[in-house]
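Let me begin by presenting the structure, written as structure tokens, before commenting on it.
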Amino acid sequence: MDEGVFIGGDGMAERYEPKKIEPKWQKAWEEQGLYRTPDVSDKDNHYFLTMYPYPSGDLHIGHWYVMAPSDAGARFKRMSGYNVLFPMGFDAFGLPAENAAIKRGIHPRTWTMSNIENMRRQMRSMGPMFDWSREVVTCDPSYYKWNQWIFLKFFEKGLAYRALAPANWCPKDETVLANEQVINGRCERCDTPVVKKDLVQWFFKITAYADELLRFEGIEWPEPIQLAQRNWIGRSEGARLRFPIEGQPDASIEFFTTRPDTIFGATFMVLAPEHPLVERITAPAKRHEVSKYVDAARNRTDIERLSLEREKIGVFTGAYATNLFTGERIPIWIAEYVLMGYGSGAIMAVPAHDERDFAFAKKHGLPIRQVISPDGTEQELDEAYAGEGVMVNSGPFEGTPSVEAKRKIAELAKQKGWGDAAVSYRLRDWLISRQRYWGTPIPIVHCPTCGLVGVPESELPVLLPEDVDFQPHGESPLARHSGFMNTTCPRCQGPAKRDPDTMDAFVDSSWYMWRYPNPRYERGFADPEANRHWSPVDQYTGGTEHAVMHLLYARFFTKALRDLGYLWFGEPFVRLFNQGQIVLRGRRMSKSRGNVEAPDTYVEQYGADSFRLFLMFIGPWEEGADWDAAGIEGTFKFLKRLWTLVLAHSSAPAHDGPPIEELERLRHRSIKRVTEAMERFRWNIAVAALMEYLRDIQAAKGSEQSISYDRALRSLLLLLAPMAPHISEELWQRLGATRSIHLESWPTYDPAAVAEREVTVVIQVNGKVRDRVIVPAGSSDAELTRLARENPRVKASLDGARVSRVVVVRDRLVNVVTGKG
RNA sequence: GCCGACGUAGUCCAAUCGGCAGAGACGUGACGUUCAGGACGUCAAGGUUGUGGGUUCGAAUCCCACCGUCGGCACCA
């Protein structure tokens with residue numbers, strides 16, 4: 001027989017040609033409306049969601065790696081008896097569209113929409129079960145209207161607010177960036193070093209939910225993602241205290257510390273260069289030096305700060321505070337290692353017990369006093385001791401264990417009115433305003449008399465004008481569009497200006513999952529009726545790169561919208577699965593690197609089914625893989641063998657002979673293996689099990705006429721259907737089916753039928769294999785022990801030694817252990 | 001520096017509860033089919049499970065230390 005060819009009755013060979021069958025079925029499924037999911041059916045609903053892509057232009061291998069296995073998962077769930085919603089859409093706002101458009105002179109909307117068109121086409125070639133009738137495109141006014149609506153609800157409740165903040169500013173993109181968009185001090189998009197710039201910005205108050213975001217009860221998320229979010233939120237317990245400033249009776253320095261137990265060792269204080277008190281407290285003699293330092297610090301990029309080798313440089317303000325616990329006057333310094341964005345931008349410096357303070361004290365000749373000792377005695381410190389111990393040099397607390405002292409010091413401070421125990425978070429509020437064009441306009445009117453006024457709901461959406469000069473000029477492009485900017489105040493009807501900024505695109509993705517159930521709903525961001533059937537999302541899949549941004553924002557939005565009364569649950573995604581990334585020679589694929597592998601040539605050559613299967617076969621999904629197309633032949637050959645075998649069977653005269661036990665056992669075993677692998681998203685094991693199963697069927701020569709053989713092939717097709725939907729549909733029809741294989745039920749297995757009748761049991765002496773025996777499955781321990789003790793090879797290797805024990809693992813092994821000595 | 005994941009055949013990877021190291025695939029080699037190559041089929045070789053220690057009758061699997069690769073965080077008081 002030739003390659004993938006079946007010589008039919010008429011002598012014509014029919015080859016497996018994916019190019020012929022795949023488009024045919026894609027068209028047929030679409031015409032049949034096979035993937036239109038009803039909101040209500042006689043089955044349980046299951047919402048399976050994979051992260052929507054950014055429409056960058058072409059679907060690359062990374063997209064396939066995310067989507068194809070997700071599609072298999074959704075299809076598996078559907079065959080398992082659920083009514084599955086598996087929608088798709090486009091994350092269509094954001095910087096790349098604007099940057100690309102600027103470069104090519106095309107309007108961002110034109111560029112984006114043509115990319116979407118192209119990517120839809122490419123996605124269809126994958127053969128996924130997306131319900132396109134529910135597609136969401138975020139740059140559509142009918143979508144972003146609800147960004148604005150949610151913004152206004154947040155604004156009313158104080159969850160959206162404006163504040164002057166030293167923002168991360170990218171000089172090249174001429175925009176502010178969220179903390180999450182700054183990678184190693186550089187702009188996530190263009191790699192330009194980021195500088196600080198004071199701007200009035202819009203924030204969402206995610207910190208109001210810091211504590212609740214730390215809890216993951218009731219949801220099944222991978223432990224590493226939970227950990228990443230916990231670390232990002234960075235909750236720490238300690239105390240917030242105030243020390244008075246000498247000569248400034250109505251001001252004090254507030255600071256947060258996790259180590260109140262070390263307070264007797266606080267020999268100086270340090271303020272962040274941007275700290276509001278700096279100007280006020282600086283001694284006249286120091287003014288010049290201090291302002292020089294502050295200016296330099298502000299203009300430094302984060303990159304420069306890091307490249308200073310974390311040298312602890314700073315300047316003395318000439319002012320003094322009082323350490324209320326020791327009564328000492330301690331100098332107030334300013335230094336960059338204290339960050340304005342954390343705590344209150346000021347610290348008590350305890351050089352003996354903090355590495356950074358130690359380095360600073362050494363450099364500037366400040367006193368170092370040990371107050372915690374591991375053993376209660378004082379010793380010479382050549383580095384900071386950050387561990388626990390017993391307090392020394394600590395007045396009334398002398399001898400107290402430091403762990404206990406943390407609480408006691410906070411209590412004393414509270415009594416005296418100096419402060420109290422407190423919790424601090426690393427998490428900052430989410431800066432959402434962008435000085436760019438391609439985003440959702442912020443629905444706020446700046447009125448000279450009324451101040452900030454929300455646009456009335458009836459006037460939404462505030463449309464993003466099309467005729468805008470979006471070339472960057474260091475301000476929001478909308479600011480130069482007078483038709484957009486000039487408006488009237490909704491409250492006093494006087495002349496007013498619109499807000500020229502747009503929203504971070506992460507706002508869009510924070511709630512898109514509630515839009516899918518009914519994307520055309522006009523009376524709210526989410527259709528309550530449709531959402532009642534689907535939400536929250538049962539299964540979410542996506543990349544680990546979203547561990548702390550999208551996934552945290554979406555949780556925040558869900559909780560906030562719940563508290564506003566619009567959702568009835570607090571977690572958006574019940575189960576989360578994070579797949580790994582496809583890399584090329586160890587490097588992330590990206591357009592800017594120019595190392596993007598296009599799937600199209602592989603789809604052209606081997607078909608979508610082989611390519612899907614190969615992506616799933618390449619390794620465990622959660623681990624990702626280094627791209628190497630070498631193995632794709634393997635999955636292609638597998639499908640060709642399947643094709644040949646099924647076609648031969650389809651033209652065979654009859655298959656009604658008696659069942660064959662071994663073939664039935666193989667079938668049950670394969671169903672079990674594949675089912676369990678699919679449940680765990682271990683596609684590689686599932687594919688391997690199918691390959692093995694096919695070989696087993698091929699090996700059952702002479703059984704072709706049996707009912708078991710027929711069942712075996714049909715089950716194989718059913719098991720393959722979620723992963724390779726086209727070929728399984730084609731062959732299913734060839735076997736005489738009248739309706740789609742994708743409407744069939746997942747095959748079930750009988751555990752009893754999986755078990756082998758006879759098993760090979762290994763016989764060991766002291767853990768070394770001496771013999772193997774074939775025994776009936778389920779043989780008793782006593783029987784196995786007897787077999788082992790009487791075994792001639794065991795006797796020979798025992799050589800008269802005393803047997804101290806016999807370990808029996810039923811159906812597996814017997815280990816004869818000899819006594820010691 | 002801190003946190004996390006992963007190290008199994010030349011390569012990608014299996015091994016469900018601690019129980020025979022090998023399911024599947026790539027590559028390599030031999031043989032068959034073929035005029036030949038390809039394709040297809042049959043078979044084969046290939047191992048100190050990263051290193052060292054520990055627990056155990058028994059460790060790829062559990063524990064400790066180290067090395068390596070990748071990812072995240074990175075002056076967070």
Side-chain angles (χ1 to χ4, degrees), chain A residues 1-5 183-185 222-225 227-228 230-232 234-236 238 255-259 262 270 302 305-306 308 310-312 335-339 341-350 353-357 359-360 424-428 544-545 547-548 580-581 583 586-588 614 617-620 622-626 628-635 637-638 640-641 644 673 676-677 680 682 684-695 698 760-769 771-772 804-818:
Chain A
M1 202 171 285
D2 208 339
E3 71 163 292
V5 168
I183 314 292
N184 287 330
E223 207 51 56
I225 299 295
L227 197 66
R230 283 199 187 94
N231 290 341
W232 185 263
R235 183 181 200 273
S236 38
F255 59 93
F256 175 78
T257 177
T258 54
R259 293 296 302 273
T262 65
V270 187
D302 286 357
R305 292 187 182 205
L306 284 172
L308 291 172
R310 303 192 176 180
E311 204 184 347
K312 294 290 175 287
E336 277 178 83
Y337 82 92
V338 175
L339 309 173
Y342 182 79
S344 55
I347 61 159
M348 67 170 194
V350 185
H353 305 291
D354 182 281
E355 204 186 313
R356 298 152 299 178
D357 298 346
F360 193 83
S424 185
Y425 301 91
R426 208 192 75 112
L427 181 73
R428 322 286 214 262
T544 46
E545 66 272 22
V548 289
Q581 285 183 357
V583 296
R587 303 212 142 269
R588 270 182 71 172
F614 175 60
F617 189 55
I618 207 165
E622 64 267 41
E623 281 172 27
D626 206 336
D628 177 10
I632 192 167
E633 287 283 353
T635 52
K637 281 197 288 197
F638 163 64
K640 283 198 293 192
R641 281 202 305 275
T644 307
R673 282 185 179 175
E676 287 172 357
R680 293 191 295 148
R682 295 292 294 270
N684 54 327
I685 306 171
V687 175
L690 289 174
M691 287 173 165
E692 194 182 350
Y693 185 33
L694 178 64
R695 292 230 176 257
Q698 275 182 309
T760 302
V761 170
V762 169
I763 300 189
Q764 298 179 332
V765 175
N766 292 328
K768 291 197 177 75
V769 178
D771 205 355
R772 295 181 170 85
S804 64
R805 61 187 286 205
V806 178
V807 180
V808 179
V809 181
R810 199 167 289 193
D811 291 349
R812 284 190 187 273
L813 68 71
V814 184
N815 187 12
V816 180
V817 184
T818 59

request  = Take atom CD of Gln581(A) and atom C1' of rG71(B), then tell me their distance rounded to the nearest Å.
outcome  = 9 Å
key: Assigned partner base of rU49(B), Watson-Crick or wobble definition, under 3.5 Å   = none
query = Expressed as a whole number of Å, how far does the C1' atom of rA30(B) sit from that of rG18(B)?
reply = 40 Å
message = If I pick the P atom on rU61(B) and the same atom on rA25(B), what distance separates them, to the nearest angstrom?
response = 27 Å
request  = Measure the distance from CD on Glu622(A) to P on rC6(B) and round it to the nearest whole Å.
outcome  = 9 Å
ask   = Which nucleotide, in any strand shown, forms a Watson-Crick or G-U wobble pair with rU28(B), with both distances under 3.5 Å?
value = rA44(B)
query = Nearest of rA77(B), rG58(B), rC75(B) to any side-chain atom of Asn815(A)?
reply = rG58(B)
ask   = According to a strict under-4.0 Å criterion, is Lys640(A) in side-chain N/O contact with OP1 or OP2 of rA39(B)?
value = no
query = Taking only side-chain nitrogens and oxygens of Arg426(A), does any of them come within less than 4.0 Å of OP1 or OP2 of rA74(B)?
reply = yes
query = For rA60(B), which nucleotide is its Watson-Crick or G-U wobble mate, given both distances must be under 3.5 Å?
reply = none
query = Between Glu623(A) (CD) and rC6(B) (P), how many Å, whole number?
reply = 7 Å
request  = Could you check if the base of rC17(B) is syn or anti? Syn means the glycosidic torsion is within 90 degrees of 0.
outcome  = syn
key: Base paired to rC6(B) (Watson-Crick or G-U; both N/O distances under 3.5 angstrom)   = rG68(B)
task = Name the closest nucleotide to the Phe256(A) side chain, picking from rA77(B), rA23(B), rC12(B).
result = rA77(B)
inquiry  = Once rounded to the nearest 0.5 Å, what's the spacing between atom CD1 of Ile685(A) and atom CG of Leu690(A)?
reply    = 12.0 Å
request  = Nearest whole angstrom, please: distance from the P of rA21(B) to the CZ of Arg772(A).
outcome  = 8 Å
ask   = At under 4.0 Å between heavy atoms, what does Ile685(A) touch on the DNA or RNA strands: base, sugar-phosphate, or nothing?
value = sugar-phosphate
inquiry  = Under 4.0 Å, heavy atoms only, any strand: does Arg812(A) hit a base, just the sugar-phosphate, or nothing?
reply    = sugar-phosphate
query = Between rG24(B), rG19(B), rU16(B), which nucleotide gets closest to the side-chain atoms of Val807(A)?
reply = rG19(B)
remark   = Heavy atoms of Gly341(A) and Arg428(A) approach each other most closely as O-NE, 2.9 Å
query = Met691(A) has an atom CE; how far is it from atom C1' of rA14(B), in whole Å?
reply = 13 Å
message = If I pick the C1' atom on rA14(B) and the same atom on rA21(B), what distance separates them, to the nearest angstrom?
response = 10 Å
task = Report the distance from atom CZ of Phe638(A) to atom P of rG41(B), rounded to the nearest whole Å.
result = 13 Å
key: Distance test, side-chain N/O of Asn231(A) to OP1/OP2 of rC2(B), below 4.0 Å   = no
inquiry  = At 4.0 Å (heavy atoms only), tell me whether Ala228(A) reaches a base, stays on the sugar-phosphate, or touches nothing.
reply    = nothing
ask   = Are Thr635(A) and Met691(A) close enough, and set up right, to give a side chain to side chain contact (heavy atoms under 4.5 Å, CB included), and what steps lead you there?
value = CA-CA 9 Å; Thr635(A) 52; Met691(A) 287 173 165; 4.1 Å; yes
key: Heavy atoms from other residues, nucleotides or ligands near CZ of Arg812(A) exceed 12 (cutoff 6.0 Å)   = no
request  = Please check if the side chain of Asp354(A) supplies one atom and the backbone of Ala349(A) the other of a donor-acceptor pair under 3.5 Å.
outcome  = no
ask   = Quick one: which of rA77(B), rA23(B), rC57(B) gets closest to the side chain of Arg673(A)?
value = rA23(B)
task = Answer yes or no: does a side-chain N or O of Arg805(A) lie under 4.0 Å from OP1 or OP2 of rC57(B)?
result = yes
task = Please check if atom CD in Glu355(A) has more than 12 non-hydrogen atoms from other residues, nucleotides or ligands closer than 6.0 Å.
result = no
ask   = So what does Lys637(A) hit on the nucleic acid, given a heavy-atom distance under 4.0 Å: a base, only sugar-phosphate, or nothing?
value = sugar-phosphate
query = Expressed in whole Å, how much space separates the P atoms belonging to rA39(B) and rA59(B)?
reply = 44 Å
remark   = When rounded to whole Å, the CD1 to P distance for the pair Ile632(A) and rC12(B) reads 18 Å
query = Nearest to the side chain of Glu692(A) - rA23(B), rC3(B), rA25(B)?
reply = rA23(B)
ask   = With respect to the phosphate group of rA14(B), does any side-chain polar atom (N or O) of Arg682(A) fall under 4.0 Å of OP1 or OP2?
value = yes
ask   = If you look at every strand shown and take non-hydrogen atoms under 4.0 Å, does Thr544(A) touch a base, only sugar-phosphate, or nothing?
value = nothing
ask   = For Asp354(A) and Val809(A), take the nucleotide of RNA chain B holding the closest heavy atom to each; which residue's nucleotide lies nearer the 5' end?
value = Val809(A)
message = Considering every strand and a 4.0 Å limit on heavy-atom distances, what is the contact class for Glu355(A): base, sugar-phosphate, or nothing?
response = nothing
inquiry  = Heavy atoms from C-beta onward define the side chain here; which of rA14(B), rA25(B), rC20(B) lies closest to that of Pro620(A)?
reply    = rA14(B)
query = Short question: side chain of Ser804(A), backbone of Val817(A) - any donor-acceptor pair under 3.5 Å?
reply = yes
request  = Can you tell me, in whole Å, how much space there is between the P of rC62(B) and that of rU8(B)?
outcome  = 15 Å
note = Picking from rC20(B), rG58(B), rG4(B), the nucleotide nearest the side-chain atoms of Leu227(A) would be rG4(B)
note = Nearest heavy-atom contact between Trp232(A) and Arg426(A) is CE3-NH2, 2.8 Å
task = Tell which nucleotide pairs with rU55(B), taking only Watson-Crick or G-U wobble pairs whose two distances are both under 3.5 angstrom.
result = none
query = Under 4.0 angstrom, heavy atoms only, what part of the nucleic acid is Glu223(A) near: base, sugar-phosphate, or nothing?
reply = nothing
query = Looking only at atom P, what distance separates rU69(B) and rC31(B), rounded to whole Å?
reply = 43 Å
query = Shortest non-hydrogen contact from Ala346(A) to Phe255(A)?
reply = O-CB, 3.2 Å
task = To the nearest Å, give me how far apart CZ (Arg641(A)) and P (rG24(B)) are.
result = 11 Å
key: Pairing partner (Watson-Crick or G-U wobble, both distances under 3.5 angstrom) of rG37(B)   = none
ask   = Which whole number of Å gives the distance between the P atom of rG37(B) and that of rG29(B)?
value = 14 Å
request  = Take atom P in rA44(B) and the same atom in rU51(B), then report the distance between them in whole Å.
outcome  = 28 Å
ask   = Which part of the nucleic acid, if any, lies within reach of Asn684(A) when heavy atoms closer than 4.0 Å are counted: base, sugar-phosphate only, or nothing?
value = sugar-phosphate
request  = May I ask which nucleotide in the shown strands pairs with rC17(B), Watson-Crick or G-U wobble, both distances under 3.5 Å?
outcome  = none
